[in-house]
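Notes follow the structure.
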Amino acid sequence: MAHFAKLGTGNIVKKVVVVSNDVATTEQAGIDFLNNLYKTPYDVWKQTSFNTFDGENKLGGIPFRKNYAGVGYIYNQTLDAFIAPQPYLSWRLNETTCIWEAPVALPDTENRYNWNEETQQWNLDE
C-alpha cells in the first residue's frame, strides 16, 4: 500500500491516507487519484513511506523522505523530509535523520527518563 500526506498551510500534514499500489503506480498517479477522489484538484499531496523512520527504511529498503508523515508533521521541501513538531525549544534538528535531538544525550540505561526543559536535563521517570 502507498501512503500519502495531505499538506495544508505551511506544509503542515493535515491527514495521511492509503492508496492501493495498483492505483498509485507512481507518486503522481497517487496524487491524481486523490485529487480526483476528493474533487480537489489543487490539494498538495506527498507520498510517505510507512517503513521510514530516522532517515532509515526499517525493512532495509531505500529511505523515503526521512520519516513517515504524521498529522501535524511539517514537510520540509529543502530537505525533502517529513519532520515532527519540535518538542522543546532547546532541541535541534539533525538534518541527516530529520529527528529532533536534545542538547544532552539521553542516558544509556534501562531506566525511563523525561526531558526537563527548565533544567535542560533528563530526569528519571517516576
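Between Glu117 and Ser90, some side-chain heavy-atom pair lies under the 4.5 Å cut-off. Taking the side chain as every heavy atom from C-beta outward, Val17 and Leu34 approach each other to under 4.5 Å. When side chains are defined from C-beta on, Phe33 does not count as touching Phe4, because their heavy atoms never get closer than 4.5 Å. Between Asn67 and Asp54, some side-chain heavy-atom pair lies under the 4.5 Å cut-off.
Hydrophobic clustering (ILVMFWY, side-chain heavy atoms < 4.5 Å, transitive): Val16 and Val18 are in distinct clusters. Hydrophobic clustering (ILVMFWY, side-chain heavy atoms < 4.5 Å, transitive): Val19 and Leu37 are in one cluster. The hydrophobic clustering, which links ILVMFWY residues whose side-chain heavy atoms are closer than 4.5 Å, places Ile31 and Val23 together.
Under the side-chain contact (heavy atoms from CB on, under 4.5 Å) criterion, Asn114 pairs with Asp125, not counting sequence neighbours.
Lys14 NZ: 12 or fewer foreign heavy atoms inside a 6.0 Å radius.
Put simply, the residue from Tyr68, Phe64, Phe82 that forms a ring pair (Phe, Tyr, Trp, His ring centres under 6.0 Å) with Phe50 is Tyr68.
Side chain of Thr48 to main chain of Ala69: a donor-acceptor pair is present (N/O by atom type, distance under 3.5 Å, no hydrogens or angles). With Trp100 contributing its side chain and Tyr88 its backbone, the two residues share no donor-acceptor pair below 3.5 Å. Although no hydrogens or angles enter the test, the distance criterion places a donor-acceptor pair under 3.5 Å between the side chain of Arg65 and the main chain of Gln47. At distances below 3.5 Å, not a single donor-acceptor pair connects side-chain atoms of Lys66 with backbone N or O atoms of Asp80. The main-chain N or O of Val104 is never found under 3.5 Å from a side-chain atom of Gln120 such that the two would form a donor-acceptor pair.
Atom CD1 of residue Ile83 and atom OG1 of residue Thr97 lie 9.5 Å apart, to the nearest 0.5 angstrom. Between the CG atom of Asp32 and the CD atom of Glu27 there is a distance of 10.5 Å, given to the nearest 0.5 Å. In this structure, Trp122 CH2 and Leu106 CG are separated by 5.0 Å, a value rounded to the nearest 0.5 Å. One distance of note links CD of Glu95 with CG of Asn76; it measures 7.5 Å at 0.5 Å rounding.
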Trace of the side-chain contact (heavy atoms from CB on, under 4.5 Å) decision for Cys98 with Leu79:
CA-CA 8 Å; Cys98 289; Leu79 298 173; 3.9 Å; yes
Test side-chain contact (heavy atoms from CB on, under 4.5 Å) on Ile74 and Val13 and set out the steps.
CA-CA 6 Å; Ile74 296 170; Val13 176; over 6 Å; no
Test side-chain contact (heavy atoms from CB on, under 4.5 Å) applied to Tyr113 and Leu124, step by step:
CA-CA 4 Å; Tyr113 294 88; Leu124 273 171; 3.6 Å; yes
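Closest approach of Gly61 to Asn57, counting heavy atoms only: O-CB, 3.0 Å. Nearest heavy-atom pair, Asn116 versus Glu118, reported as atom, atom and distance to 0.1 Å: OD1-N, 2.9 Å. What you find for Asn21 and Ala2 is that their closest heavy atoms are OD1-N, 3.2 Å.
At least one test fails for Lys46 against the ring of Tyr73: distance under 6.0 Å to the centre or angle within 45° of the axis.
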